[in-house]
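Below is one structure, written out as structure tokens; the observations come after it.
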Amino acid sequence: MGNIIVPNESAVQHDDHSPDLQRDLINIERMRQRRQMLTWLASGGTAAFLAACGGSGSSSGSGSSSSSSSSSSSSSSASSSSSSSSSSSSSTACIADPTETNGPYPSDGSNSANGSTSNILTSSGIVRSDIRSSFGSSTTTAPGLPLTLTITLVNSNMSCTPLEAYAIYIWHCDSGGNYSIYSNGLANENYLRGVQVTDANGQVTFQTVFPGCYSGRYPHIHFEIYPGLSSATSYRNSVLISQMAMPSAICTSLYNNVSGYSQSIQNFSQVTTSNDNVFGDNTAAQLAQQTPSLSGDNTNGYTGTILIGVGV
């Protein structure tokens with residue numbers, strides 16, 4: 001702080017003729033400088049004095065630490081919020097696929113063909129990715145434009161998490177609208193039927209052909225979901241039986257331009273998902289999920305994906 005000088009009595013000239021006056025002058029000067037000091041202290045001198053002596057060091061450090069901690073906490077909160085947002089945005093929207101009929105040609109143990117119960121699921125060779133040819137006593141390849149379809153199976157009750165080690169059985173008709181095992185002349189064929197087990201991503205990929213359109217039904221692919229390969233031996237063990245609806249625009253283009261699908265042209269012109277006896281009562285959201293997303297052309301074939309939601 002500033003230099004405050006207290007007058008020395010000896011520095012005051014004495015007047016022998018007025019000793020009381022000299023004492024009064026000294027007292028007045030002392031009072032004036034005391035008031036000056038009080039005024040200085042009141043105007044912030046105390047803080048300056050303490051700072052000079054190091055008295056506020058701890059307080060200042062605490063304030064800095066508190067500010068830093070607050071900033072760190074804010075940053076951590078922002079980071080957590082960002083992580084949560086990222087996690088939320090990465091989730092895949094899905095719903096549970098509706099249950100549909102397995103139809104008259106499933107070969108899953110639910111009906112008969114050629115005079116006996118038909119169950120391809122118990123046959124050796126049914127677990128395969130390429131289902132275009134028959135297996136066993138015949139190796140006939142089904143007619144039709146190539147279609148590669150990747151299916152992703154998810155749990156619609158658990159934020160669309162992938163379902164690993166589930167078995168998926170699919171089957172459908174060939175380009176002429178005929179089913180192996182059931183249709184005339186195809187009793188000894190089992191093409192366009194196969195089972196696969198989902199990987200860690202809940203996925204399987206089938207190589208097949210684009211199905212034709214037969215009278216009375218919208219073009220479709222049947223599927224059954226099983227909790228594991230060991231249980232994929234009868235429709236009774238399935239957790240979902242449903243169908244996929246083929247994209248309308250591709251059906252129109254393909255049926256009118258690819259050899260082998262001529263019978264589908266007239267049939268397809270008379271059916272839509274709205275008047276179909278299977279898809280007709282489904283919601284727009286259900287139909288959107290039941291329809292594969294495809295890309296490709298009428299020369300080389302199509303490749304696509306579809307998400308199947310199961311509430312398990």
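Worth knowing before you read on, the calculation uses all heavy atoms, side chains too, and leaves out hydrogens, waters and symmetry mates.
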Indicate the atoms forming the closest heavy-atom contact of Tyr302 with Asp297, along with that distance. CE1-O, 3.3 Å
Taken to the nearest 0.5 Å, the spacing of Leu186 CG from Ser138 OG works out to 9.5 Å
Under 3.5 Å donor-acceptor, Ser234 side chain and Asn237 backbone: no
Interatomic spacing from OG1 in Thr141 to CD1 in Ile131 - rounded to 0.5 Å: 12.0 Å
If you measure from OH on Tyr235 to OH on Tyr226, what distance do you get to the nearest 0.5 Å? 9.5 Å
Which pair of non-hydrogen atoms, one from Thr252 and one from Asn256, has the smallest distance, and what is that distance? O-ND2, 2.6 Å
Do Ser112 and Thr117 have side chains that approach each other closer than 4.5 Å (heavy atoms only, starting at C-beta)? yes
Just so I know, are the side chains of Pro227 and Tyr166 near enough to count as touching, which here means a heavy-atom distance under 4.5 Å? yes
Indicate whether any N or O donor in one side chain lies under 3.5 Å from an N or O acceptor in the other, for Thr205 and Thr150. yes
Over all atoms of both residues, closest heavy-atom pair of Tyr261 and Gly144: OH-CA, 3.3 Å
Which atom names give the shortest non-hydrogen contact between Ile221 and Pro211, and what distance separates them? CG1-CG, 4.1 Å
Does a donor on one side chain sit under 3.5 Å from an acceptor on the other, for Gln289 and Asp97? yes
Working note: Cys94 + Cys160, criterion disulfide bond (SG atoms under 2.5 Å apart); need CA distance, chi angles, decisive distance, verdict. CA-CA 6 Å; Cys94 69; Cys160 309; 2.2 Å; yes
Going through the distances and angles, do Leu240 and Thr99 end up as a side-chain contact (heavy atoms from CB on, under 4.5 Å)? CA-CA 6 Å; Leu240 175 66; Thr99 297; 3.8 Å; yes
Check Ile181 against Ser107 and note the closest heavy-atom contact, atom names and distance. CD1-OG, 3.5 Å
Might you work through the side-chain contact (heavy atoms from CB on, under 4.5 Å) test for Arg217 and Phe279, ending with a clear yes or no? CA-CA 9 Å; Arg217 277 304 318 276; Phe279 300 122; 3.6 Å; yes
Flag, side chain of Thr198 to backbone of Ala165, donor-acceptor distance under 3.5 Å: yes
Quick one about Thr152 and Gln203 (side-chain donor to acceptor, distance below 3.5 Å, no hydrogens or angles considered), yes or no? yes
Heavy-atom pair of closest approach, residues Tyr255 and Phe210: OH-CE2, 3.8 Å
CG (Leu121) and CG (Asp108) are apart, to the nearest 0.5 Å, by 6.0 Å
Is the closest side-chain heavy-atom distance between Val209 and His172 below 4.5 Å? yes
Sub-4.5 Å side-chain heavy-atom contact between Ser253 and Asn298: yes
Let me know which of Ser134, Ser133, Ser180 forms a side chain to side chain donor-acceptor pair (under 3.5 Å) with Glu189. Ser134
Value for CG (Leu254) from SG (Cys213), rounded to nearest 0.5 Å, stands at 11.5 Å
Heavy-atom count around Asn188 CG within 6.0 Å, excluding the residue itself: above 12? no
Hey, do the aromatic rings of Phe268 and Tyr218 have their centres closer than 6.0 Å? yes
Atom CD of residue position Gln263 - does it have more than 12 heavy atoms of other residues, nucleotides or ligands inside 6.0 Å? no
Given His222 and Tyr169, is the side-chain contact (heavy atoms from CB on, under 4.5 Å) satisfied, shown in steps? CA-CA 8 Å; His222 293 267; Tyr169 168 44; over 6 Å; no
Spacing of CD1 belonging to Ile170 relative to CG belonging to Leu149, to within rounding of 0.5 Å: 6.5 Å
Quiz question: by atom type and distance under 3.5 Å, do the side chains of Asn111 and Tyr182 form a donor-acceptor pair? yes
Just by distance, no angles: are the side chains of Asn190 and Ser123 close enough, under 3.5 Å, to form a donor-acceptor pair? no
Under the side-chain contact (heavy atoms from CB on, under 4.5 Å) rule, what do Ile168 and Gln196 come out as? Steps first, then yes or no, please. CA-CA 5 Å; Ile168 301 179; Gln196 279 201 79; 5.7 Å; no
Could you tell me if the ring centre of His220 sits under 6.0 Å from that of Tyr214? yes
Would Arg132 count as a cation-pi partner of Phe206, with NZ or CZ less than 6.0 Å from the six-membered ring centre and within 45° of the ring normal? no
Classify the side-chain pair Asn282/Thr273 by whether it contains a donor and acceptor separated by less than 3.5 Å. no
